[in-house]
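To find a chain, count down the sequence lines: A is the first, B the second, and so on, and within it residues start at 1.
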Amino acid sequence: MKPRVRFAPSPTGYLHIGGARTALFNWLYARHTGGTLVLRIEDTDAARNSQEAVDVILKGLRWLGLDWDEGPLTADATGPCKGDRGPYFQSQRKSHYTARVEDLLARGLAYEHEGAIKFKMTREPITIPDLVVGDVVRPLTDREQLDPDWVLVRSDGQPVFHFVNVVDDLEMGITHVIRGEDHLSNTAKHIALFRAFGVEPPRYAHIPLILNGDGSKMSKRDKGASLTTYLDEGFLPEAVDNYLCLLGWSPKDNLEKIPLSEVVERFDLPQILRHNAKFDFEKLLWLQGEYCRELAPERFHELAVHALTHEGVDIHALDANYVQAALATCRGKIKTFAELPAYAGFYFREDIAYDPEAATKAFIPENKPRLEKVRDAFDALAAFDAAGIEAALKATAVGLGVKVGALIHPTRLAVTGHPHGPSLYHLLEVLGKDRVRHRIEKALGSFPA
RNA sequence: GACCCUAUGGUCUAGCGGUUAGGACACCUCCCUUUCACGGAGGUAGCCCGGGUUCGAUUCCCGGUAGGGUCGCCA
């Protein structure tokens, strides 16, 4: 029988990076085994549940490229779904829960207490066979010994998470539950419930958690905890996927950068690590740079345009060829698209501000005549292209008896405002003779007297 | 408080009784170079502690310590 796994997020309004990894591991296992991935929305808490919140989840998963075989197609709980084991929104499964409670009640395995319905929990320790951790024996804690029974349905009629989760896994035919280790202790409750229903529980695989850099639990407010951050800050989904794979799992063979398709081949549950991992933003950034650098020109351009537009840089009034040429000089230089407005902004506006620190170094009296020579040399150029510009700059440097760097730095600052940026020769060509001339003149005017 | 899980450089990890403990990120040095980035060559840094088992433990067992998790009419 092919495995059936599920990702069952609660629509809280954001998708936790750890949740994204749980989804990824479920997806990998399903794809590796040829099994089925079910997406189930645990929207039992009507108070904080909304279509927008579901959309965040769907968008996040789609962005990461994690497609599901069964589950919602839209964020609408009553909308279209694929798969024949639905509904896939818990808010639509009331009747299932009611029937299950009545069954337990009828067989004396549950009872009413102060308006709530409680489950008669076994007093014996329960062994949890876990594919990642091994056999875990979970006796009752001291508090549980006082009252081992637990609530299935609240006095307001709402079933609780542990109950609906088990009912859904059972009725959806889930064979492997791959989830965060924070659920490991609670699994005893789940196993007891499955047995009460007369079925064998699914196999479990509890994966380690992702912690903050300081070792604390990564929660909603922590930097980098929300997947949306990466989407908004110009990360590439392949970089995020790749990085997430490396947390708690290893492709071995000293591999770091590895396409998801190859991870699908190599991935399996028993090799998952048992200890938590701290989130290392720097390493994610490195991977991001790796993927960003080798982006196909068309995709780079597309994402760059999106990032600029998103940041309010209006490029639609500009000549498309100009924009294209400008962005092309940035390819291979930036790591995330969020850097682009600062990195390439000088292409798209006339008012450029000079980096103060760089200006005190480059805009010094002795550089003024040099920059004038550069201007004159550029004026004399018939073809204002990178090769010609380079030759002109070098010839000017020779004429002045200085290193070419002495001309390059003031020129770069004059036309871009920054000490760093794309290849100077190429960016000058893209800006064009007139803009360059204008900016150099303006810069000459801002030299100290 | 009880119970559970975990423990290789700062971080992610390879290792599954005998290794000069390997790789990657980060960091440092040098080279390349029009800046930055990239690339190349080096470098600093690690098996939590204590007992066992064994001819021999990073590796197996026990204890401690530390970190994390769970014990809700939250999910």
Side-chain angles (χ1 to χ4, degrees), chain A residues 8-12 42-45 47-49 90 113-118 125 128 130 132-134 136-148 150-162 164-165 180-189 206 208-209 211 213-217 243 245-257 273-287 289-290 292-293 330 332-335 343 358 386 389-390 393-394 397 403-409 411-413 416 418-428:
Chain A
S10 177
T12 57
E42 305 221 334
D43 57 343
T44 49
D45 188 352
R48 64 181 183 195
N49 172 35
Q90 288 185 333
H113 178 74
E114 291 184 9
I117 296 168
K118 294 181 80 171
I128 304 159
D130 192 281
V132 173
V133 189
V136 176
V137 181
R138 223 327 285 269
L140 297 176
T141 67
D142 56 353
R143 292 167 89 140
E144 287 169 336
Q145 276 170 21
L146 265 31
D147 179 15
W150 46 278
V151 171
L152 293 170
V153 182
R154 302 185 188 90
S155 47
D156 67 0
Q158 283 292 319
V160 306
F161 163 78
H162 298 299
V164 297
N165 191 267
E181 200 222 63
D182 49 340
H183 286 104
L184 181 56
S185 291
N186 287 147
T187 303
K189 289 182 180 176
H206 286 93
L209 304 180
L211 271 27
D214 65 3
S216 63
K217 187 180 180 181
Y243 179 67
C245 286
L246 265 22
L247 255 27
W249 179 82
S250 169
K252 311 279 180 76
D253 301 334
N254 288 340
L255 286 167
E256 305 286 339
K257 179 162 172 279
L273 277 306
R274 286 164 290 273
H275 59 270
N276 297 339
K278 290 174 187 162
F279 192 85
D280 184 2
F281 189 80
E282 291 301 322
K283 186 153 182 178
L284 167 61
L285 198 57
W286 167 72
L287 271 170
E290 292 287 306
C292 193
R293 205 173 305 119
C330 305
K333 309 288 271 186
I334 57 168
K335 281 188 176 178
Y343 191 80
I389 290 163
E390 180 172 359
L393 270 170
K394 285 182 174 167
K403 286 185 178 177
V404 71
L407 304 182
I408 279 168
H409 299 301
T411 306
R412 174 184 293 282
L413 190 65
T416 73
H418 297 288
H420 313 306
S423 161
L424 181 68
Y425 308 138
H426 292 90
L427 76 83
L428 290 173

Have a look at A:Ala116 and say if it touches a base, only the backbone sugar-phosphate, or nothing, with a 4.0 Å heavy-atom cut-off.
base

Write down the distance separating the C1' atoms in B:U8 and B:A21, rounded off to the nearest Å.
8 Å

Per-nucleotide protein contact string for nucleotides 27-48 of chain B (B base, S sugar-phosphate only, - none; heavy atom under 4.0 Å):
-------BBBSSS---------

Base paired to B:G42 (Watson-Crick or G-U; both N/O distances under 3.5 angstrom)
B:C28

Distance check, C1' atoms only: B:G52 and B:U13, in whole angstrom units.
29 Å

Roughly how many Å apart are B:U29 and B:A37, using the P atom of each and rounding to a whole number?
13 Å

Using the C1' atoms only, state how far B:C28 lies from B:G10, rounded to an integer number of Å.
14 Å

Expressed as a whole number of Å, how far does the P atom of B:C3 sit from that of B:G72?
16 Å

A:Leu140 and A:Gln145: which non-hydrogen atoms are nearest, and at how many Å?
O-NE2, 3.5 Å

Residues which pass side-chain contact (heavy atoms from CB on, under 4.5 Å) with A:Asp147, listed by chain and number, not counting sequence neighbours:
A:Lys118, A:Asp149

Using whole Å, report how far CG of A:Leu152 lies from C1' of B:G72.
14 Å

Rounded to whole angstrom, note down the P distance from B:C55 over to B:G23.
34 Å

Closest approach to the side chain of A:Ser10, judged atom by atom: which nucleotide of B:G1, B:A75, B:C73 is it?
B:A75

From CG of A:Asp142 over to P of B:C71, roughly how many Å is that when rounded to an integer?
13 Å

Return the 5'-most residue of the pair A:Ser155, A:Gly213 with respect to RNA chain B, ranking by each residue's nearest nucleotide.
A:Gly213

My understanding is that a pair needs two contacts under 3.5 Å, Watson-Crick or G-U wobble. By that rule, which nucleotide pairs with B:C3?
B:G69

Scan every strand shown for a Watson-Crick or G-U wobble partner of B:U59, both distances under 3.5 Å, and answer none if you come up empty.
none

Out of B:C4, B:C12, B:U6, minimum distance to the side chain of A:Leu247 belongs to B:C12

May I ask which nucleotide in the shown strands pairs with B:U20, Watson-Crick or G-U wobble, both distances under 3.5 Å?
none

Mind checking salt bridge (Lys or Arg N to Asp or Glu O under 4.0 Å) for A:Lys278 and listing every partner two or more places apart, or none if nothing turns up?
none

In whole angstroms, how far is the C1' atom of B:C3 from the CG atom of A:Asp147?
17 Å

What residues form a salt bridge (Lys or Arg N to Asp or Glu O under 4.0 Å) with A:Lys217, not counting sequence neighbours?
none

Counting any heavy atom closer than 4.0 Å, what does A:Val137 reach on the DNA or RNA strands: base, sugar-phosphate only, or nothing?
sugar-phosphate

Base partner of B:U34, which must satisfy Watson-Crick or wobble distances under 3.5 Å:
none

Return the value, rounded to whole Å, for the distance between atom CG of A:Leu246 and atom P of B:C12.
12 Å

Of all heavy-atom pairs between A:Arg154 and A:Pro159, which one has the smallest distance, and what is that distance?
NH1-O, 3.6 Å

Closest to the side chain of A:Val133, out of B:G15, B:U13, B:U6, is B:U6

Taking B:U33 as the reference, what is the distance to B:A41 when you measure between their C1' atoms (whole Å, please)?
16 Å

Taking all non-hydrogen atoms of both residues, which atom of A:Leu393 and which atom of A:Leu407 are closest, and how far apart?
O-CD1, 3.5 Å

Same-atom distance (P) from B:G15 to B:C71, integer angstrom
33 Å

Within the structure, does a side-chain N or O atom of A:Lys283 lie under 4.0 Å from either OP1 or OP2 of B:U11?
no

With sequence neighbours excluded, what pairs up with A:Phe279 under the ring-ring contact (aromatic ring centres under 6.0 Å, His included) test?
A:Tyr243

With A:Pro208 via side-chain contact (heavy atoms from CB on, under 4.5 Å) - residues at least two apart
A:Arg21, A:Ile272, A:Asn276

Assign a letter to each nucleotide of nucleotides 64-70 of chain B from its 5' end: B, base within under 4.0 Å of a protein heavy atom; S, sugar-phosphate only; -, no contact.
----SBS

Quick one: list whatever passes salt bridge (Lys or Arg N to Asp or Glu O under 4.0 Å) with A:Asp142, sequence neighbours left out.
none

Would you call A:Lys189 and A:Glu144 a salt bridge, taking side-chain N to carboxylate O under 4.0 Å as the test?
no

Round to the nearest Å and state the distance from A:Glu42 atom CD to B:A75 atom P.
9 Å

By ring-ring contact (aromatic ring centres under 6.0 Å, His included) - contacts of A:His183 (at least two apart):
A:Phe161

With a 4.0 Å cut-off on heavy atoms, is A:Arg274 in touch with a base, just the backbone sugar-phosphate, or nothing at all?
sugar-phosphate

Can you check the A:Phe161 CZ to B:C71 P distance for me, whole Å?
10 Å

Counting any heavy atom closer than 4.0 Å, what does A:Leu273 reach on the DNA or RNA strands: base, sugar-phosphate only, or nothing?
sugar-phosphate

Is the side chain of A:Arg274 donor-acceptor paired with the backbone N or O of A:Val133 at a distance under 3.5 Å, no angle test?
no

To the nearest angstrom, how far is A:Phe279 atom CZ from B:C25 atom P?
17 Å

May I have the distance from A:Lys278 (atom NZ) to B:U13 (atom P), rounded to whole angstrom?
11 Å

Hunt down the Watson-Crick or G-U wobble partner of B:C74, both distances under 3.5 Å, from any strand shown, or write none.
none

Describe the nucleic acid contact of A:Glu114 in one word from base, sugar-phosphate, nothing, applying a heavy-atom distance below 4.0 Å.
base

Write down the partner of B:G9 under the Watson-Crick or G-U wobble criteria, each distance required to be under 3.5 Å.
none

